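Report on one structure; see the data block that follows.
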Amino acid sequence: MSLFISSINSGSNGNCYYIGNHNEAILVDVGISCKEVEKRMARLGLNINKIKAIFISHEHTDHIRGLAVLAKKFRLPVYITANTYRSCGVEISAEQVFEFKPNQPIAIGELCIMPFPKLHDACDPTSFTVSCGNVVVGVFTDIGFPCSHVVKHFQLCNAAFLEANYDDAMLDQGNYPYHLKRRIKGGNGHLSNAQALQLFHNHRPAFMSHLLLSHLSKNNNCPKLVHELFSKNCGDVNVVVASRYEESAVYEISAGKQAASVIRKAAASSQLALAFA
(Lines give C-alpha, C1' and ligand atoms only; values in the text may rest on other atoms or scores of the structure.)
Protein backbone atom coordinates (compact mmCIF):
# COMPACT_ATOMS: atom_id res chain seq x y z
CA MET A 1 0.00 0.00 0.00
CA SER A 2 1.32 3.46 -0.92
CA LEU A 3 0.57 7.13 -0.64
CA PHE A 4 1.40 9.57 -3.44
CA ILE A 5 2.41 13.08 -2.45
CA SER A 6 3.28 16.36 -4.11
CA SER A 7 3.74 19.96 -3.12
CA ILE A 8 1.54 21.88 -5.54
CA ASN A 9 3.01 25.12 -4.15
CA SER A 10 4.80 26.03 -0.96
CA GLY A 11 5.63 29.48 0.37
CA SER A 12 4.15 32.73 1.63
CA ASN A 13 2.70 33.24 -1.87
CA GLY A 14 0.53 30.14 -1.47
CA ASN A 15 0.49 26.64 0.01
CA CYS A 16 -1.18 23.53 -1.34
CA TYR A 17 -0.24 19.89 -0.73
CA TYR A 18 -1.55 16.74 -2.42
CA ILE A 19 -1.76 13.40 -0.59
CA GLY A 20 -3.61 10.37 -1.91
CA ASN A 21 -3.67 6.69 -2.79
CA HIS A 22 -4.76 5.01 -6.04
CA ASN A 23 -8.44 5.70 -5.39
CA GLU A 24 -8.81 9.02 -3.58
CA ALA A 25 -6.83 12.04 -2.46
CA ILE A 26 -7.09 15.21 -0.41
CA LEU A 27 -5.59 18.66 -0.60
CA VAL A 28 -4.20 20.31 2.51
CA ASP A 29 -4.81 24.05 2.00
CA VAL A 30 -5.53 25.86 -1.26
CA GLY A 31 -3.41 29.00 -1.18
CA ILE A 32 -3.11 29.37 -4.95
CA SER A 33 -5.82 29.84 -7.54
CA CYS A 34 -8.10 27.06 -8.70
CA LYS A 35 -6.72 27.54 -12.22
CA GLU A 36 -3.16 26.98 -11.02
CA VAL A 37 -4.12 23.90 -9.02
CA GLU A 38 -5.77 22.40 -12.09
CA LYS A 39 -2.86 23.30 -14.36
CA ARG A 40 -0.19 21.88 -12.04
CA MET A 41 -2.06 18.69 -11.28
CA ALA A 42 -2.58 18.15 -15.00
CA ARG A 43 1.16 18.54 -15.62
CA LEU A 44 1.77 15.90 -12.97
CA GLY A 45 -0.75 13.50 -14.46
CA LEU A 46 -2.86 13.69 -11.30
CA ASN A 47 -6.60 13.29 -11.81
CA ILE A 48 -8.33 16.16 -10.05
CA ASN A 49 -11.51 14.10 -9.82
CA LYS A 50 -9.74 11.92 -7.27
CA ILE A 51 -9.70 14.85 -4.86
CA LYS A 52 -12.44 14.00 -2.36
CA ALA A 53 -11.91 16.73 0.25
CA ILE A 54 -9.97 19.85 1.18
CA PHE A 55 -8.49 20.28 4.66
CA ILE A 56 -7.68 23.79 5.89
CA SER A 57 -4.95 24.37 8.47
CA HIS A 58 -5.71 28.01 9.32
CA GLU A 59 -7.19 31.21 7.95
CA HIS A 60 -4.14 33.06 6.57
CA THR A 61 -4.53 34.09 2.95
CA ASP A 62 -1.64 31.98 1.66
CA HIS A 63 -3.61 28.88 2.73
CA ILE A 64 -7.13 29.75 1.54
CA ARG A 65 -6.75 32.05 -1.50
CA GLY A 66 -8.17 29.54 -4.00
CA LEU A 67 -10.46 27.67 -1.63
CA ALA A 68 -13.85 29.14 -2.52
CA VAL A 69 -13.50 28.68 -6.28
CA LEU A 70 -12.01 25.18 -6.15
CA ALA A 71 -14.56 23.94 -3.60
CA LYS A 72 -17.46 25.35 -5.61
CA LYS A 73 -16.26 24.16 -9.02
CA PHE A 74 -15.67 20.56 -7.95
CA ARG A 75 -18.31 20.41 -5.18
CA LEU A 76 -15.69 19.39 -2.64
CA PRO A 77 -16.28 19.07 1.10
CA VAL A 78 -14.15 21.46 3.12
CA TYR A 79 -12.90 20.26 6.50
CA ILE A 80 -12.15 23.18 8.78
CA THR A 81 -12.46 24.08 12.45
CA ALA A 82 -15.39 26.25 13.49
CA ASN A 83 -13.13 29.08 14.64
CA THR A 84 -11.07 29.01 11.45
CA TYR A 85 -14.20 29.05 9.29
CA ARG A 86 -15.55 32.07 11.14
CA SER A 87 -12.23 33.86 10.72
CA CYS A 88 -11.41 33.10 7.10
CA GLY A 89 -14.17 35.14 5.45
CA VAL A 90 -14.60 32.62 2.63
CA GLU A 91 -18.10 31.90 1.32
CA ILE A 92 -18.74 28.17 0.99
CA SER A 93 -22.11 26.44 0.72
CA ALA A 94 -23.19 25.23 4.14
CA GLU A 95 -23.58 21.64 2.95
CA GLN A 96 -19.92 21.59 1.91
CA VAL A 97 -18.54 22.71 5.28
CA PHE A 98 -17.52 19.95 7.70
CA GLU A 99 -16.24 21.22 11.01
CA PHE A 100 -13.69 19.08 12.81
CA LYS A 101 -11.98 19.10 16.17
CA PRO A 102 -8.30 18.33 16.80
CA ASN A 103 -7.32 14.76 17.68
CA GLN A 104 -10.47 13.28 16.15
CA PRO A 105 -9.66 11.20 13.03
CA ILE A 106 -11.58 11.68 9.79
CA ALA A 107 -12.04 8.96 7.17
CA ILE A 108 -11.98 9.85 3.47
CA GLY A 109 -12.30 6.54 1.68
CA GLU A 110 -9.26 4.51 2.73
CA LEU A 111 -7.46 7.63 3.94
CA CYS A 112 -7.41 8.53 7.62
CA ILE A 113 -6.70 12.18 8.39
CA MET A 114 -5.67 13.12 11.91
CA PRO A 115 -5.80 16.83 12.76
CA PHE A 116 -3.76 18.05 15.70
CA PRO A 117 -3.07 21.46 17.27
CA LYS A 118 0.10 23.46 16.65
CA LEU A 119 1.59 26.81 17.65
CA HIS A 120 1.02 29.60 15.13
CA ASP A 121 -0.45 33.10 15.19
CA ALA A 122 -3.84 32.10 13.87
CA CYS A 123 -7.15 31.63 15.69
CA ASP A 124 -7.21 27.82 15.71
CA PRO A 125 -4.17 26.45 13.83
CA THR A 126 -4.07 22.76 12.93
CA SER A 127 -1.67 20.39 11.24
CA PHE A 128 -2.43 16.97 9.79
CA THR A 129 -1.16 13.48 9.26
CA VAL A 130 -2.67 11.35 6.51
CA SER A 131 -2.42 7.58 6.70
CA CYS A 132 -3.38 4.66 4.51
CA GLY A 133 -2.72 1.27 6.03
CA ASN A 134 0.64 1.55 7.76
CA VAL A 135 1.92 4.47 5.66
CA VAL A 136 1.81 7.94 7.25
CA VAL A 137 2.53 11.36 5.73
CA GLY A 138 2.54 14.56 7.80
CA VAL A 139 2.20 18.25 6.96
CA PHE A 140 4.21 20.32 9.45
CA THR A 141 4.25 23.94 8.30
CA ASP A 142 3.44 27.32 9.90
CA ILE A 143 4.79 26.17 13.25
CA GLY A 144 6.20 28.58 15.81
CA PHE A 145 7.81 25.88 17.91
CA PRO A 146 7.81 22.05 17.70
CA CYS A 147 5.37 21.37 20.54
CA SER A 148 4.61 17.91 21.91
CA HIS A 149 1.79 17.41 19.36
CA VAL A 150 4.16 18.07 16.46
CA VAL A 151 6.86 15.81 17.89
CA LYS A 152 4.42 12.97 18.57
CA HIS A 153 3.05 12.95 15.03
CA PHE A 154 6.40 13.56 13.32
CA GLN A 155 7.67 10.36 14.91
CA LEU A 156 5.00 8.39 13.03
CA CYS A 157 5.77 9.61 9.51
CA ASN A 158 7.19 7.76 6.52
CA ALA A 159 7.35 11.15 4.80
CA ALA A 160 6.81 14.73 5.90
CA PHE A 161 6.33 18.22 4.55
CA LEU A 162 8.45 20.09 7.12
CA GLU A 163 8.72 23.85 7.38
CA ALA A 164 12.21 25.36 7.04
CA ASN A 165 11.13 28.97 6.76
CA TYR A 166 14.22 31.05 7.44
CA ASP A 167 17.95 31.11 8.00
CA ASP A 168 18.70 32.89 11.29
CA ALA A 169 21.54 35.01 9.89
CA MET A 170 19.62 36.02 6.77
CA LEU A 171 16.63 37.09 8.85
CA ASP A 172 18.71 38.97 11.43
CA GLN A 173 20.71 40.82 8.78
CA GLY A 174 17.78 41.42 6.42
CA ASN A 175 15.64 44.51 6.01
CA TYR A 176 12.46 43.26 7.69
CA PRO A 177 11.26 45.61 10.48
CA TYR A 178 12.00 44.49 14.01
CA HIS A 179 8.36 43.65 14.84
CA LEU A 180 8.14 41.31 11.84
CA LYS A 181 11.43 39.59 12.68
CA ARG A 182 10.16 39.13 16.22
CA ARG A 183 6.89 37.69 14.96
CA ILE A 184 8.64 35.21 12.64
CA LYS A 185 11.10 34.04 15.31
CA GLY A 186 8.53 34.02 18.11
CA GLY A 187 6.91 30.91 19.49
CA ASN A 188 3.87 31.41 17.26
CA GLY A 189 5.66 32.23 14.01
CA HIS A 190 7.67 29.91 11.80
CA LEU A 191 10.34 27.21 12.08
CA SER A 192 13.91 28.15 11.17
CA ASN A 193 16.26 25.87 9.28
CA ALA A 194 18.04 25.09 12.54
CA GLN A 195 14.82 24.28 14.40
CA ALA A 196 13.60 22.05 11.58
CA LEU A 197 16.93 20.22 11.46
CA GLN A 198 16.88 19.72 15.23
CA LEU A 199 13.36 18.31 15.07
CA PHE A 200 14.45 15.95 12.30
CA HIS A 201 17.61 14.83 14.12
CA ASN A 202 15.91 14.25 17.45
CA HIS A 203 12.63 12.71 16.37
CA ARG A 204 12.73 11.25 12.88
CA PRO A 205 11.70 7.59 12.74
CA ALA A 206 14.13 5.09 11.22
CA PHE A 207 11.61 4.31 8.46
CA MET A 208 11.25 7.91 7.17
CA SER A 209 12.09 7.93 3.46
CA HIS A 210 11.20 11.44 2.22
CA LEU A 211 11.50 14.94 3.67
CA LEU A 212 9.99 17.81 1.67
CA LEU A 213 11.30 21.08 3.10
CA SER A 214 8.47 23.56 2.84
CA HIS A 215 7.31 27.17 3.24
CA LEU A 216 10.78 28.69 2.60
CA SER A 217 10.90 32.46 2.91
CA LYS A 218 11.65 34.27 -0.33
CA ASN A 219 13.74 36.92 1.45
CA ASN A 220 15.19 35.08 4.44
CA ASN A 221 16.18 31.70 3.06
CA CYS A 222 17.88 30.10 0.09
CA PRO A 223 16.81 26.75 -1.44
CA LYS A 224 20.43 25.77 -2.14
CA LEU A 225 21.52 26.62 1.40
CA VAL A 226 18.74 24.65 3.07
CA HIS A 227 19.14 21.66 0.75
CA GLU A 228 22.86 21.47 1.46
CA LEU A 229 22.27 21.80 5.21
CA PHE A 230 19.82 18.93 5.33
CA SER A 231 21.42 16.70 2.70
CA LYS A 232 24.66 16.39 4.65
CA ASN A 233 22.75 15.57 7.83
CA CYS A 234 19.93 13.32 6.64
CA GLY A 235 21.63 10.08 5.67
CA ASP A 236 19.58 8.11 3.15
CA VAL A 237 16.40 10.20 3.51
CA ASN A 238 15.40 11.74 0.18
CA VAL A 239 15.54 15.51 0.79
CA VAL A 240 13.51 17.78 -1.52
CA VAL A 241 13.02 21.55 -1.32
CA ALA A 242 9.43 22.44 -2.20
CA SER A 243 9.20 25.42 -4.54
CA ARG A 244 7.18 28.61 -4.25
CA TYR A 245 7.01 28.78 -8.06
CA GLU A 246 6.05 25.31 -9.29
CA GLU A 247 4.85 21.88 -8.30
CA SER A 248 7.21 19.22 -7.00
CA ALA A 249 7.52 15.74 -8.39
CA VAL A 250 5.02 13.15 -7.24
CA TYR A 251 6.60 10.77 -4.74
CA GLU A 252 5.36 7.31 -3.93
CA ILE A 253 5.63 6.64 -0.21
CA SER A 254 5.42 3.08 1.06
CA ALA A 255 6.33 1.23 4.23
CA GLY A 256 10.06 0.91 4.71
CA LYS A 257 12.41 2.77 2.38
CA GLN A 258 11.51 1.29 -0.99
CA ALA A 259 9.60 4.39 -2.12
CA ALA A 260 10.37 5.64 -5.62
CA SER A 261 9.89 9.04 -7.24
CA VAL A 262 7.29 9.30 -9.99
CA ILE A 263 8.22 11.37 -13.06
CA ARG A 264 6.35 14.66 -12.95
CA LYS A 265 6.87 15.99 -16.48
CA ALA A 266 3.70 15.94 -18.56
CA ALA A 267 5.64 14.70 -21.58
CA ALA A 268 6.76 11.66 -19.59
CA SER A 269 3.48 10.94 -17.86
CA SER A 270 2.52 7.62 -19.47
CA GLN A 271 3.34 5.71 -16.31
CA LEU A 272 1.40 8.30 -14.32
CA ALA A 273 -1.67 7.52 -16.39
CA LEU A 274 -1.47 3.95 -15.13
CA ALA A 275 -1.06 5.05 -11.54
CA PHE A 276 -3.61 7.84 -11.40
CA ALA A 277 -6.19 7.23 -14.14
Side-chain angles (χ1 to χ4, degrees), residues 5-19 27-33 36-37 40 54-67 84 88 115-122 125-130 137-147 149-151 153-154 157 159-168 170-171 174 176 180-181 183-200 210-230 234 239-249 251:
I5 68 173
S6 175
S7 169
I8 306 302
N9 201 79
S10 187
S12 58
N13 63 331
N15 296 274
C16 184
Y17 305 101
Y18 174 100
I19 306 171
L27 293 178
V28 174
D29 294 332
V30 187
I32 58 175
S33 70
E36 277 300 310
V37 172
R40 295 178 189 202
I54 300 168
F55 284 76
I56 297 300
S57 64
H58 63 291
E59 73 274 17
H60 292 167
T61 305
D62 56 322
H63 295 263
I64 62 170
R65 185 177 290 110
L67 173 61
T84 298
C88 72
F116 58 92
K118 63 182 178 182
L119 298 173
H120 192 56
D121 56 357
T126 309
S127 275
F128 306 95
T129 60
V130 182
V137 173
V139 180
F140 304 90
T141 67
D142 298 82
I143 293 168
F145 180 80
C147 65
H149 299 289
V150 167
V151 169
H153 289 284
F154 189 79
C157 290
F161 298 91
L162 176 62
E163 177 171 69
N165 180 256
Y166 64 93
D167 173 74
D168 284 287
M170 290 180 68
L171 179 61
Y176 276 20
L180 183 54
K181 292 180 182 182
R183 179 244 164 185
I184 292 169
K185 298 183 74 169
N188 292 306
H190 293 278
L191 281 187
S192 69
N193 296 347
Q195 287 174 308
L197 184 59
Q198 183 178 37
L199 173 64
F200 176 83
H210 285 70
L211 185 69
L212 279 74
L213 298 168
S214 305
H215 213 312
L216 273 68
S217 169
K218 180 181 179 181
N219 298 310
N220 302 307
N221 213 343
C222 168
K224 182 179 179 181
L225 181 154
V226 72
H227 188 269
E228 289 178 352
L229 173 66
F230 276 80
C234 286
V239 177
V240 178
V241 178
S243 173
R244 62 187 294 114
Y245 301 111
E246 63 181 2
E247 67 278 14
S248 76
Y251 297 96

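Because the structure is a prediction, the values reported are computed rather than measured.
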I'd like to check the side-chain hydrogen bond (donor to acceptor under 3.5 Å, both in side chains) partners of [X]; sequence neighbours left out, ordered by chain and number.
X	value
Ser7	none
Asn193	Asn221
Asn188	none
Ser6	Ser248

Do [X] and [Y] come close enough that some side-chain heavy atom pair is under 4.5 Å?
X	Y	value
Val139	Ile19	yes
Asp142	His190	yes
Val241	Phe230	no
Asp167	Cys222	no
His215	Asp62	yes
Val37	Cys16	yes

Partner set under side-chain contact (heavy atoms from CB on, under 4.5 Å) for [X], not counting sequence neighbours:
X	value
Val240	Leu212, Asn238, Tyr251
Leu171	Tyr166, Tyr176, Lys181, Ile184, Lys185, Asn220
Ala159	Ile5, Val137, His210, Ile253

Heavy-atom closest contact ([X] atom, [Y] atom, distance):
X	Y	result
Asp168	Ala194	OD2-CB, 4.1 Å
Cys157	Gly138	SG-N, 3.5 Å
Val151	Pro146	CG2-O, 3.8 Å
Gly14	Ile32	CA-CG2, 4.0 Å

Sub-6.0 Å ring centroid separation between His149 and Phe116: no
Spacing of [X] atom [atom1] and [Y] atom [atom2] [to the nearest 0.5 Å]:
X	Y	atom1	atom2	answer
Phe154	Leu211	CZ	CG	6.0 Å
Arg65	Leu67	CZ	CG	12.0 Å
Ile143	Leu162	CD1	CG	7.0 Å
Ser10	Leu213	OG	CG	9.5 Å

Pairs satisfying salt bridge (charged side-chain N to carboxylate O under 4.0 Å, His left out), at least one member in residues 216-225, at least two apart: none
Of Thr84, Asp29, Thr126, Thr141, the residue whose pairing with Ser57 passes side chain to side chain donor-acceptor pair (under 3.5 Å): Asp29
Using salt bridge (charged side-chain N to carboxylate O under 4.0 Å, His left out) as the criterion, list what pairs up with Arg244, not counting sequence neighbours. none
Quick one: salt bridge (charged side-chain N to carboxylate O under 4.0 Å, His left out) partners of Glu36, sequence neighbours excluded? Lys39, Arg40
Tell me, with the steps shown, if Val150 and Ser127 meet side chain to side chain contact (heavy atoms under 4.5 Å, CB included). CA-CA 8 Å; Val150 167; Ser127 275; 5.7 Å; no
For Phe128, the ring pair (Phe, Tyr, Trp, His ring centres under 6.0 Å) test, sequence neighbours excluded, returns Phe55, Phe100
With sequence neighbours left out, write down each residue that passes ring pair (Phe, Tyr, Trp, His ring centres under 6.0 Å) with His60, or none if nothing qualifies. His58, His120
Using 30° and 60° as the class boundaries, would you call the ring planes of Phe161 and Tyr17 parallel, tilted or perpendicular? tilted
